[in-house]
A.B. asks: 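My questions will all concern the structure given below.
Note: hydrogens, waters and symmetry copies are ignored here, and every other heavy atom, side chains too, is used. Here is the naming used below: chain letters follow the sequence lines, and residue numbers restart at 1 for every chain.
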Amino acid sequence: MTFSNLLIQWYLQNKRDLPWRNTTNPYPIWLSEIILQQTRVAQGTPYFYNFLNQFPTVNHLAQADEQQVLKLWQGLGYYSRARNLHQTAQYIVNELDGIFPNSYAGLLRLKGIGEYTAAAIASFAYNEPVPVVDGNVFRVLSRYFGIESDISLGKTKKEFTALAAELLPKDQPALFNQAIMEFGALQCVPKSPSCEDCIFNTSCVALQKGLVGELPVKSKKLKVSHRYFNYIVVTDTNGNTKLQQRTDKGIWYNLYEFPLIETQKEEGFETIAPLIQNDASFGASVISIQEVNPISIVHKLSHQHLHIKFWKVTLDGALDDGVTDQQLKAFPFPIVIHNFIEDVWAK
DNA sequence: AAGGCGGGGTT
DNA sequence: AACCCAGCCTT
């Protein structure tokens with residue numbers, strides 16, 4: 001039995017029943033693939049159902065406002081995925097008559113679709129024999145074949161893509177691609193895989209050489225920066241608050257937040273209160289300032305640790321652009337702000 | 001080629 | 001605390 005056939009056999013006996021696997025319609029397949037980029041199945045699945053309910057077809061998605069799409073994406077992270085999803089839906093409807101490109105090469109040209117996602121959609125929807133190479137595939141192949149190349153390098157990705165292409169049975173690409181990813185997700189897991197139960201435990205090179213814990217080799221380490229955010233949560237005489245949209249390149253682009261004072265280090269009342277007092281943008285004078293959480297929340301992104309304090313400020317006038325509690329629910333927020341609104345502000 | 005981009009689960 | 005997750009885009 002070949003590696004590929006064993007893998008497919010394993011898959012047929014062990015696969016999970018996932019909702020995007022029971023179709024060849026490119027729309028739900030595309031949707032699932034974008035949602036699952038750098039995201040676990042368990043985290044992404046509820047979002048998949050919500051999007052499909054709200055936007056049953058690419059036409060529905062194209063007609064939505066970006067704010068509506070971002071709101072539905074709220075909490076999933078990497079928000080450029082949502083913005084690109086929306087733009088690509090509009091492109092498909094307006095420029096391609098609502099028909100998805102029917103090949104790997106065509107899919108690859110769409111915004112938000114890279115090599116992995118193009119191969120996934122092309123194989124799952126059209127049975128085009130193109131191999132997927134994701135984190136699972138790197139892990140499975142590096143271990144089974146004992147490949148010690150650094151997967152952070154572009155050269156290595158080409159190496160693995162070529163190997164996967166050789167292994168791919170041309171008559172059942174969808175099955176093989178699903179199988180190798182599922183095997184990586186369920187059996188050949190990153191840490192402490194149970195190799196004693198593995199169907200490949202007599203042929204896996206990494207197991208024979210004692211390299212399972214070392215593979216795949218990945219050199220790239222990301223460094224974390226620290227930032228200090230002070231969110232000014234105002235209440236005016238109408239009980240309204242103030243929001244702003246993030247329009248600078250960087251985290252949370254196009255999402256909403258409370259007025260922000262960013263400092264170079266963690267600051268206390270003596271430093272922040274005068275800055276709030278002198279902020280003319282409220283158009284009303286400040287009655288009181290209260291530090292909601294004197295110990296800052298540390299909100300950890302993959303590459304930034306945000307030290308966040310919320311400051312409750314009462315105004316004696318009415319905001320021009322005040323937002324009511326009811327309106328607040330429609331804005332897309334970073335999850336840390338959403339949690340503040342739900343857990344602190346609403347109570 | 002390198003770095004930015006979320007949030008959460010696992011070890 | 002470190003690592004990873006059905007990666008992609010910009011520089």
A.B. asks: Any side-chain N or O of Y78(A) under 4.0 Å from OP1/OP2 of dG4(B)?
C.D. replies: no

A.B. asks: Determine the interatomic distance between C1' on dT10(C) and the same-named atom on dG7(B); round to the nearest Å.
C.D. replies: 22 Å

A.B. asks: Any side-chain N or O of K300(A) under 4.0 Å from OP1/OP2 of dA1(C)?
C.D. replies: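 K300(A) to dA1(C) OP1/OP2: side-chain N or O found under 4.0 Å.
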
A.B. asks: Per the atom types in the model, does the base of dC4(C) pair as donor or acceptor with the side chain of R40(A) at under 3.5 Å?
C.D. replies: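 Side chain to base: pair present.
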
A.B. asks: Classify the side chain of S302(A) versus the base of dG6(B) as yes if they form a donor-acceptor pair under 3.5 Å and no if they do not.
C.D. replies: yes

A.B. asks: Considering heavy-atom distances to DNA chain B, does G154(A) or K191(A) have its closest nucleotide positioned more toward the 5' end?
C.D. replies: G154(A)

A.B. asks: Using a cut-off of less than 4.0 Å, is there contact between a side-chain N or O of H299(A) and OP1 or OP2 of dG7(B)?
C.D. replies: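 Answer is yes, contact under 4.0 Å.
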
A.B. asks: Which part of the nucleic acid, if any, lies within reach of W20(A) when heavy atoms closer than 4.0 Å are counted: base, sugar-phosphate only, or nothing?
C.D. replies: base

A.B. asks: Could you state the atom-to-atom distance from CZ of R143(A) to P of dC4(C) in whole Å?
C.D. replies: 10 Å

A.B. asks: For L18(A), report the nucleic acid contact type (base, sugar-phosphate, nothing); a contact means any heavy atom under 4.0 Å.
C.D. replies: base

A.B. asks: Using only side-chain N and O atoms of W252(A), determine if any of them is under 4.0 Å from OP1 or OP2 of dG7(B).
C.D. replies: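 Yes, within the criterion.
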
A.B. asks: Quick check: on DNA chain C, is the nucleotide nearest I113(A) upstream (toward 5') of the one nearest R21(A), or the reverse? Name the residue that is more 5'.
C.D. replies: R21(A)

A.B. asks: Between dC9(C) and dG8(B), how far is it from one C1' atom to the other, in whole Å?
C.D. replies: 23 Å

A.B. asks: Students often get this wrong, so: under 4.0 angstrom with heavy atoms, is T117(A) touching a base, only sugar-phosphate, or nothing?
C.D. replies: sugar-phosphate

A.B. asks: Considering just the side-chain nitrogens and oxygens of K249(A), establish if one lies under 4.0 Å of OP1 or OP2 belonging to dC9(C).
C.D. replies: no

A.B. asks: Reckon S80(A) touches a base, only the sugar-phosphate, or nothing at all at heavy-atom distances under 4.0 Å?
C.D. replies: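 If one applies the 4.0 Å heavy-atom cut-off, S80(A) turns out to touch nothing in the nucleic acid.
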
A.B. asks: Are the aromatic ring centres of F48(A) and W20(A) under 6.0 angstrom apart?
C.D. replies: yes

A.B. asks: Between F138(A) and F160(A), is the ring centroid distance below 6.0 Å?
C.D. replies: yes

A.B. asks: Grab the CD1-C1' distance between I35(A) and dG7(B) for me, whole Å please.
C.D. replies: 15 Å

A.B. asks: Please determine if a side-chain N or O atom of T39(A) lies less than 4.0 Å away from the OP1 or OP2 oxygen of dG8(B).
C.D. replies: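 No, because none of the side-chain N or O atoms of T39(A) sits under 4.0 Å from OP1 or OP2 of dG8(B).
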
A.B. asks: Round to a whole Å and report the spacing from CD of E33(A) to P of dA6(C).
C.D. replies: 11 Å

A.B. asks: What class does the angle between the rings of W252(A) and F229(A) fall in, given that below 30° is parallel, 30 to 60° is tilted and above 60° is perpendicular?
C.D. replies: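 Perpendicular, since the angle between the ring planes exceeds 60°.
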
A.B. asks: Does E267(A) pair with K309(A) as a salt bridge, N-O distance under 4.0 Å?
C.D. replies: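 Looking at E267(A) and K309(A), the cut-off is not met.
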
A.B. asks: Over all strands shown, is E115(A) touching base, sugar-phosphate only, or nothing at heavy-atom distances under 4.0 angstrom?
C.D. replies: sugar-phosphate

A.B. asks: Select base, sugar-phosphate, or nothing to describe what K221(A) touches, counting heavy atoms under 4.0 Å on all strands.
C.D. replies: sugar-phosphate

A.B. asks: Which of these nucleotides, dG8(B), dA2(B), dC9(C), is closest to any side-chain atom of I335(A)?
C.D. replies: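 My answer, after comparing the listed nucleotides, is dG8(B).
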
A.B. asks: Taking the same atom, C1', in dC3(C) and in dG6(B), what whole-Å distance lies between them?
C.D. replies: 15 Å

A.B. asks: Judged by each residue's nearest nucleotide on DNA chain B, which is more toward the 5′ side, K223(A) or P334(A)?
C.D. replies: K223(A)

A.B. asks: Which of the following nucleotides, dG7(C), dG7(B), dT11(B), is nearest to the side chain of S192(A)?
C.D. replies: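 From the listed options, dT11(B) comes nearest.
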
A.B. asks: I180(A) CD1 to dA6(C) P: how many Å, rounded?
C.D. replies: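 In whole Å, dA6(C) P and I180(A) CD1 are 13 Å from each other.
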
A.B. asks: Does Q38(A) have a side-chain nitrogen or oxygen under 4.0 Å from the phosphate oxygens OP1 or OP2 of dG6(B)?
C.D. replies: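 No, Q38(A) has no side-chain N/O under 4.0 Å of OP1/OP2 on dG6(B).
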
A.B. asks: Please report the distance, rounded to the nearest Å, between CG in D248(A) and C1' in dG4(B).
C.D. replies: 15 Å

A.B. asks: May I ask you to establish whether K249(A) and Y253(A) are in a cation-pi arrangement, using a distance under 6.0 Å from NZ or CZ to the six-membered ring centre and at most 45° from the ring axis?
C.D. replies: yes

A.B. asks: Ignoring the backbone of Y116(A), work out which of dG8(B), dC8(C), dC9(C) is nearest its side chain.
C.D. replies: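 From the listed options, dC8(C) comes nearest.
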
A.B. asks: Do side-chain atoms of E182(A) reach the backbone of R16(A) as a donor and acceptor pair under 3.5 angstrom?
C.D. replies: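 Flag set: sc E182(A) to bb R16(A) pair under 3.5 Å.
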
A.B. asks: Using a heavy-atom cut-off of under 4.0 Å over every strand shown, decide if G184(A) touches base, sugar-phosphate, or nothing.
C.D. replies: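 The residue G184(A) makes no contact with any strand.
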
A.B. asks: Can you find a side chain N or O atom of H303(A) that sits less than 4.0 Å from OP1 or OP2 on dC5(B)?
C.D. replies: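 So the side-chain polar atoms of H303(A) do come within 4.0 Å of the phosphate oxygens OP1 or OP2 of dC5(B), strictly under.
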
A.B. asks: Could you measure between the two C1' atoms, the one in dC8(C) and the one in dG9(B), and give it in whole Å?
C.D. replies: 22 Å

A.B. asks: How close or far is atom C1' of dA2(C) from atom NE2 of H305(A), stated in whole angstroms?
C.D. replies: 10 Å

A.B. asks: CZ of R83(A) versus P of dC9(C): gap in Å, rounded?
C.D. replies: 12 Å

A.B. asks: Tell me what Y253(A) touches on the nucleic acid: a base, only sugar-phosphate, or nothing, going by heavy atoms under 4.0 Å.
C.D. replies: nothing

A.B. asks: Where the side chain of D134(A) is concerned, which of dA6(C), dC5(B), dG7(B) is the nearest nucleotide?
C.D. replies: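 Nearest listed nucleotide: dA6(C).
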
A.B. asks: Do N25(A) side-chain atoms and Y27(A) backbone N/O form a donor-acceptor pair below 3.5 Å?
C.D. replies: yes

A.B. asks: Of the nucleotides dG7(B), dG3(B), dC5(C), which one has an atom closest to the side chain of R139(A)?
C.D. replies: dC5(C)

A.B. asks: Is a side-chain donor or acceptor of N53(A) paired with a backbone partner of Y49(A) at a separation under 3.5 angstrom?
C.D. replies: yes

A.B. asks: Could you state the NZ-P distance from K220(A) to dC3(C), rounded to the nearest angstrom?
C.D. replies: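 Between P of dC3(C) and NZ of K220(A): 14 Å.
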
A.B. asks: Give me the distance, rounded to whole Å, that separates dC4(C) from dC5(B) when you measure between the C1' atoms they each carry.
C.D. replies: 16 Å

